[in-house]
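Below is one structure, written out as structure tokens; the observations come after it.
Keep in mind it's a predicted model, so treat the numbers as computed, not measured.
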Amino acid sequence: MLANFNTTLLLVLCLSILLIGVITGIVILIKSIISSRKNGNNTKLKYTLISVLFVIIAIVSWVLNMGWLRFIMTFLAVPIIHTIAFMIINNFSLSYVDKSVKLKRYVILSYITYLLGYILLPDGGDVGPMYVFFGLIHNDIVASILYNISSIAFIGNIVLLILQIVERKKIKKENNNLSNIK
């Protein structure tokens, strides 16, 4: 685990990931609570709570499985940008999730692929085999298999986020057309 690296910098990177994720989650959660109380619909709040829980699990997995791959990805802000995009796109999609079964499937599948992408992503340090799943499994063969699954989950998550945007725009356009007819 990054044996010859400055631990202070590593700690600052880990804490910054945690802080940004927590702040984004809190803002979206508060916004969902307010929205839920205004319109009486708890569906968006329920999905938001699940989303925040999955993000927290992913952050814990990220921090506990820290190695060179995660360090470089953190330095490039990949998990930060991905998590913020995940939270924002899902939050906007949740406003329309009751109006489309397809959108509901996309949201649920995006949650699953997001979590799998982060939990199953292996990493390695300066010595020893690769490790995965919160640093509990140390095996190069298992890590290689899970790396492929994690990569597919990341790509799938990005595709699902794009599909959510497209479906949400379709629903919004249909609603605008119905409003114009009335």
Side-chain angles (χ1 to χ4, degrees), residues 13 16-63 65 69-70 72-122 146-182:
L13 281 172
S16 68
I17 292 172
L18 186 63
L19 185 64
I20 291 171
V22 167
I23 290 171
T24 304
I26 288 171
V27 167
I28 289 175
L29 192 59
I30 290 171
K31 192 174 174 184
S32 293
I33 290 170
I34 292 169
S35 173
S36 172
R37 290 197 179 188
K38 279 184 182 177
N39 63 19
N41 187 354
N42 290 330
T43 304
K44 186 173 181 179
L45 179 60
K46 179 177 67 172
Y47 279 100
T48 303
L49 287 171
I50 294 169
S51 175
V52 169
L53 176 67
F54 280 15
V55 167
I56 290 170
I57 292 170
I59 290 171
V60 169
S61 171
W62 193 266
V63 171
N65 214 34
L69 178 63
R70 280 183 170 75
I72 292 168
M73 288 175 72
T74 302
F75 189 73
L76 297 173
V78 171
I80 297 166
I81 294 168
H82 182 234
T83 298
I84 291 171
F86 170 78
M87 294 290 290
I88 291 171
I89 292 170
N90 277 312
N91 187 50
F92 285 126
S93 296
L94 291 177
S95 299
Y96 300 96
V97 79
D98 289 334
K99 298 174 184 172
S100 170
V101 174
K102 192 185 280 188
L103 185 61
K104 186 175 185 176
R105 286 184 191 140
Y106 292 157
V107 169
I108 292 169
L109 287 173
S110 76
Y111 287 178
I112 293 168
T113 56
Y114 175 84
L115 189 60
L116 287 177
Y118 283 101
I119 286 180
L120 301 180
L121 181 66
L146 293 179
Y147 177 77
N148 290 328
I149 295 171
S150 175
S151 298
I152 292 168
F154 274 123
I155 293 168
N157 185 260
I158 292 168
V159 168
L160 287 164
L161 292 176
I162 293 169
L163 289 172
Q164 282 182 47
I165 293 169
V166 170
E167 186 67 20
R168 190 183 76 228
K169 286 188 178 195
K170 257 196 251 182
I171 295 168
K172 196 172 182 180
K173 185 177 179 181
E174 288 173 5
N175 285 345
N176 285 342
N177 288 342
L178 289 175
S179 297
N180 290 338
I181 292 172
K182 291 179 182 179

Could you state the interatomic distance from CG (Leu109) to CG (Leu116), rounded to the nearest 0.5 Å? 10.5 Å

Tightest non-hydrogen contact, residues Pro122 and Arg70, listed as O-NH1, 3.6 Å

Do Leu103 and Leu163 have side chains that approach each other closer than 4.5 Å (heavy atoms only, starting at C-beta)? no

Side-chain donor/acceptor of Ser93 to backbone N/O of Ile89, under 3.5 Å: yes

Heavy atoms of Gln164 and Ser110 approach each other most closely as NE2-OG, 3.0 Å

Before giving the answer on side-chain contact (heavy atoms from CB on, under 4.5 Å), spell out for Lys104 and Tyr47 the whole-Å C-alpha distance, their side-chain angles and the decisive distance to 0.1 Å. CA-CA 10 Å; Lys104 186 175 185 176; Tyr47 279 100; 2.9 Å; yes

Trace of the side-chain contact (heavy atoms from CB on, under 4.5 Å) decision for Leu161 with Asn90: CA-CA 8 Å; Leu161 292 176; Asn90 277 312; 4.1 Å; yes

Can you tell me how far CD1 of Ile88 sits from CG of Asn91, rounded to the nearest 0.5 angstrom? 8.0 Å

Minimal non-hydrogen separation, Ile119 against Ile57, with atom names: CD1-CG2, 3.8 Å

Between NZ of Lys102 and NZ of Lys170, what distance do you get to the nearest 0.5 Å? 4.5 Å

Validation row: Tyr118, Phe54 side chains within 4.5 angstrom (heavy atoms): no

Contact between Ile165 and Phe92 at the side-chain level, heavy atoms closer than 4.5 Å - yes or no? no

Give, for atom CG of Leu160 and atom CD1 of Ile108, the distance between the pair rounded to the nearest 0.5 Å. 11.5 Å

Looking at every heavy atom in both Thr113 and Gly156, which two are closest together, and how far apart are they? OG1-C, 4.3 Å

Could you tell me which non-hydrogen atom of Ser150 sits nearest to which non-hydrogen atom of Gly117, and how far apart they are? OG-O, 2.7 Å

Indicate the ring-plane relationship of Tyr114 and Phe86, choosing parallel, tilted or perpendicular according to the 30° and 60° boundaries. parallel

Determine, stepwise, if the pair Leu121 / Tyr147 fulfils side-chain contact (heavy atoms from CB on, under 4.5 Å). CA-CA 5 Å; Leu121 181 66; Tyr147 177 77; 4.0 Å; yes

